[in-house]
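Accompanying notes for the structure given below.
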Amino acid sequence: MTPILRLENIYKRYPGVLALDNLTFELNAGEVRALLGKNGAGKSTLIKLLSGAIQPDEGTIHIDGSPVALTTTQDAFKKGIYTVYQEMSLVPDLSVAENIMLGRWPLTRWKMVDYAALRRIAEEALQQLNITLDVKMPVSRLDVAQQQIVEIAKALSFNPRLLILDEPTSALAASEVDLLLQIVRDLAKSGRAIIYVSHRLAEIPRIADTVTILRDGQLVDTITIAEATPQRITDMMIGHEWTRMTHANVKMQDNAEVRLRVSNLSQEGHFQNVTFDAHEGEVIGIAGLLGSGRTELLRAIFGLEPVDTGTIEIHGATVEKPSPRMMKSLGMAMTPEDRKKQALLLIASVQDNLTLASLDRLNSYGIISPKALTDAAQEMIVDTQIKTPSLDVEINTLSGGNQQKVVVGNWLSIRPKILLMDEPSRGIDIQAKEQIFLLIRDLAKEGLTVLFVSSEIEEVLDVADRILVMNQGNITHDLSAGEIGLDKLMALVMGGTYGGIHNE
């Protein structure tokens with residue numbers, strides 16, 4: 001059987017970096033191939049190459065046994081290749097149908113948009129997924145899972161033979177992940193080849209037929225799903241250069257300073273009567289499903305969103321009318337969930353992005369010296385182990401893991417006493433996660449108070465001293481991380497019971 005895709009001796013070079021190094025592999029119709037690797041392993045480069053966004057310096061791409069040149073995204077579309085990226089490309093104010101056929105709206109003979117045809121084509125694309133949506137509804141009214149489905153339906157409207165899915169579940173809740181994985185399996189049964197990129201190793205046995213692992217631009221191996229144990233995958237992804245972090249969860253002493261006190265905090269529709277204390281040097285993880293109110297709670301504490309009732313105290317003093325500027329002045333920092341939309345200036349340099357939050361600290365009588373900026377940025381490069389060719393390159397040239405480290409470094413540069421982190425490991429690889437969380441633990445030993453949200457329950461158990469379980473806007477449990485197991489915590493997060501412990 002002739003493979004639908006064959007990459008042969010592919011090289012892609014950037015200044016100082018060999019992004020793809022003699023890469024060769026094949027993919028058959030109806031096959032789901034998981035593509036795994038650390039940030040910087042070459043996954044993003046490979047995806048861009050297959051989508052026509054960039055071209056290889058050496059090597060050939062074969063479709064159905066014939067060499068092809070993918071010099072533009074339109075070339076990729078014509079060859080039946082479509083990519084659904086992690087960062088969705090929908091236009092919020094347009095309808096589902098308008099987004100599915102964006103740029104290809106059918107016209108009447110009077111050169112007006114043929115909305116009847118537009119909606120019919122959109123509905124046919126959704127029917128391939130066995131999904132029913134109101135195609136006239138604005139995308140802004142859909143939840144994240146439904147928006148992801150619209151992205152895939154948009155891809156299917158091109159009738160692709162090879163579909164590339166880049167971290168499609170990174171922002172989905174567990175029940176939504178189940179639906180998406182079933183959709184992917186159904187698409188493979190229809191004969192489409194699928195490349196599936198994910199950092200969630202637990203998904204891989206449920207979705208993939210084969211697994212390709214990249215490291216430092218090279219193909220380590222392609223193995224069957226039966227061979228792809230989590231330990232083997234991890235070993236191939238990171239080699240022998242990394243040992244997984246372990247730490248003893250800290251039991252706070254009775255006399256530890258309360259840095260942050262939240263009392264009866266409520267925001268209609270998101271959370272209610274939230275009360276907890278966070279101490280000096282304590283790392284608190286918030287475990288909850290999407291929609292439980294986790295993100296809204298962090299944003300409210302940092303003053304990004306108003307609250308209806310309740311109080312926030314820092315160092316024992318009530319904060320009246322919290323705002324980000326005020327909270328920052330009181331020693332609080334926050335890294336948001338969506339780094340590209342909420343935390344980074346993508347066309348600015350690494351140095352600029354590392355010093356945004358600390359400009360007032362570096363300001364001397366209204367003047368900021370270039371040396372002060374460079375010194376501050378270089379300090380964060382070292383502290384957060386950011387890999388970058390220089391301080392001057394644009395931030396969007398770095399891998400996702402290094403971009404996330406820049407977000408963290410930017411806020412650490414203000415030398416905060418309290419750090420709020422919303423999904424600090426979203427869409428980054430194992431090693432980058434470990435480096436970020438090791439940094440958190442080291443800073444906590446020096447007295448930093450950390451409150452973080454993560455959809456990965458294992459991370460909460462691994463990193464936190466205490467865990468606040470959040471369900472439907474309520475803090476249902478306040479637990480010591482050292483006294484709870486994964487199965488118990490998962491049950492509580494899902495709103496159930498475990499071992500006689502019930503949600504309050």
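Along the sequence shown, residues carry numbers from 1.
At least one side-chain heavy atom of Glu459 sits under 4.5 Å from a side-chain heavy atom of Phe437. With a 4.5 Å cut-off on side-chain heavy atoms, Ile436 and Gln404 count as touching. Between Asn402 and Ser399, the closest side-chain pair of non-hydrogen atoms falls below 4.5 Å. Residues Leu344 and Gln403 form a side-chain contact, since some pair of their non-hydrogen atoms from C-beta on lies under 4.5 Å apart. Thr388 is not listed as a side-chain neighbour of Ile395, based on a closest heavy-atom distance of 4.5 Å or more. Considering only heavy atoms from C-beta on, Ile467 comes within 4.5 Å of Leu489 through its side chain. No side-chain heavy atom of Ile213 sits under 4.5 Å from any side-chain heavy atom of Leu219. The side-chain heavy atoms of Tyr11 and Leu18, taken from C-beta on, include a pair separated by under 4.5 Å.
Rounding to the nearest 0.5 Å gives a distance of 5.5 Å between CG of Asn99 and CG of Leu94. Distance check: Leu50 CG to Ile63 CD1 gives 7.5 Å after rounding to the nearest 0.5 Å. Taking CG of Leu163 as the reference point, atom CG of Leu156 lies at 6.5 Å (rounded to 0.5 Å). To the nearest 0.5 angstrom, Leu142 atom CG is 10.0 Å from Ser95 atom OG. Note that CG of Leu102 and CG of Leu90 are 9.0 Å apart. Values are rounded to the nearest 0.5 Å. Between the CZ atom in Phe452 and the CG atom in Leu420 there is a gap of 12.5 Å [rounded to 0.5 Å].
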When you look at Arg232 and Ile223, which way does the side-chain contact (heavy atoms from CB on, under 4.5 Å) test go after all the steps?
CA-CA 10 Å; Arg232 184 173 181 187; Ile223 58 178; 3.7 Å; yes

Applying side-chain contact (heavy atoms from CB on, under 4.5 Å) to Asp166 and Val84, what does each step give before you reach the verdict?
CA-CA 6 Å; Asp166 184 13; Val84 177; over 6 Å; no

For Val453 and Val460, run side-chain contact (heavy atoms from CB on, under 4.5 Å): C-alpha distance rounded to whole Å, both residues' side-chain angles, the deciding distance at 0.1 Å, then the answer.
CA-CA 8 Å; Val453 161; Val460 178; over 6 Å; no

Starting from the C-alpha separation in whole Å, work towards a yes-or-no answer on side chain to side chain donor-acceptor pair (under 3.5 Å) for Asn471 and Ser292.
CA-CA 5 Å; Asn471 190 278; Ser292 63; over 6 Å; no

Pair Arg215-Met237, side-chain contact (heavy atoms from CB on, under 4.5 Å): steps then yes or no:
CA-CA 6 Å; Arg215 186 172 72 237; Met237 286 173 62; over 6 Å; no

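Between the side chain of Asn353 and the backbone N or O of Leu345 there is at least one donor-acceptor pair closer than 3.5 Å. Checked by atom type and distance alone, the side chain of Asp21 never pairs as donor or acceptor with a backbone atom of Gln218 at under 3.5 Å. Proximity of a side-chain donor or acceptor of Glu227 to a complementary backbone N or O of Thr224 within less than 3.5 Å is detected. Remark: the backbone N or O of Thr71 is paired with a side-chain donor or acceptor of Asp75 at under 3.5 angstrom. No donor-acceptor distance shorter than 3.5 angstrom exists from the side chain of Gln267 to the backbone of Glu296, with no hydrogens or angles considered. Judged by distance alone, with hydrogens and angles left aside, the side-chain atoms of Thr476 form no donor-acceptor pair with the main-chain N or O of Met470 at under 3.5 Å.
Between Met421 and the choices Leu451, Val408, Ile286, the side chain to side chain contact (heavy atoms under 4.5 Å, CB included) rule is met once, by Val408.
Side chains of Gln147 and Asp143: a donor-acceptor N/O pair is absent below 3.5 angstrom, by distance only. With hydrogens and angles left out, the side-chain atoms of Ser454 and Arg294 include no donor and acceptor closer than 3.5 Å. Using modelled atom types and a 3.5 Å distance limit, the side chains of Glu394 and Ser349 yield no donor-acceptor pair. A donor-acceptor pair shorter than 3.5 Å cannot be found between the side chains of Lys405 and Gln385.
Taking a cutoff of 4.0 Å between a charged side-chain nitrogen and a carboxylate oxygen, Arg161 and Asp64 qualify as a salt bridge. The existence of a salt bridge linking Arg206 and Asp178 is confirmed by a sub-4.0 Å separation between a basic side-chain nitrogen and an acidic carboxylate oxygen. Note on Arg426 versus Glu167: no salt bridge recorded, every NZ/NE/NH1/NH2 to OD/OE distance being 4.0 Å or above.
The heavy-atom pair separating Pro168 from Gln148 by the smallest distance is O-OE1, 3.0 Å. Taking every heavy atom of both residues into account, Thr83 and Ser51 meet most closely at OG1-CB, 3.6 Å. Closest of all the heavy-atom pairs between Val407 and Pro336 is CG1-CD, 4.4 Å. When every heavy atom of Ala481 is checked against every heavy atom of Leu461, the shortest pair comes out as O-CD2, 4.0 Å. Closest approach of Leu265 to Phe271, counting heavy atoms only: O-CD1, 3.4 Å. In plain terms, the two heavy atoms of Ile100 and Lys154 that are nearest each other are O-CG, 3.4 Å.
Other residues, nucleotides and ligands contribute only 12 or fewer heavy atoms inside 6.0 Å of the CZ atom of Arg141. For Glu203, the CD atom sits in a packed shell: over 12 heavy atoms of surrounding residues, nucleotides or ligands are nearer than 6.0 Å.
Within the structure, the ring pair (Phe, Tyr, Trp, His ring centres under 6.0 Å) test picks out no pair touching residues 119-145 (sequence neighbours left out). Counting only residues at least two apart or on different chains, the ring pair (Phe, Tyr, Trp, His ring centres under 6.0 Å) pairs with a member in residues 63-107 are Phe77-Tyr82, Phe77-Phe158, Tyr82-Phe158.
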Which donor-acceptor pairs under 3.5 Å do side chains of residues 22-35 form with protein atoms, sequence neighbours excluded?
residue, atom, partner, partner atom, Å
Asn22, OD1, Asn9, ND2, 2.9
Thr24, OG1, Asn9, N, 2.8
Glu26, OE2, Arg6, NH1, 2.8
Glu31, OE1, Asn28, N, 3.0
Glu31, OE2, Arg33, NE, 3.3
Glu31, OE2, Arg33, NH2, 3.0
Glu31, OE2, Thr210, OG1, 2.5
Arg33, NE, Thr210, OG1, 2.6
Arg33, NH1, Glu26, O, 3.3
Arg33, NH1, Thr212, OG1, 2.9
Arg33, NH2, Glu26, O, 2.7

Compile the donor-acceptor pairs under 3.5 Å between side chains in residues 113-133 and protein atoms, sequence neighbours left out, one pair per line.
residue, atom, partner, partner atom, Å
Asp114, OD1, Ala116, N, 3.4
Asp114, OD1, Ala117, N, 3.2
Gln128, OE1, Arg192, NH2, 3.0

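In this structure, the side-chain contact (heavy atoms from CB on, under 4.5 Å) partners of Lys12, at least two apart in sequence or on a different chain, are Tyr14, Leu20, Thr45, Ile54, Asp57. Remark: Ser266 pairs with Gln272, Asn273, Thr309 by the side-chain contact (heavy atoms from CB on, under 4.5 Å) rule, at least two apart or across chains.
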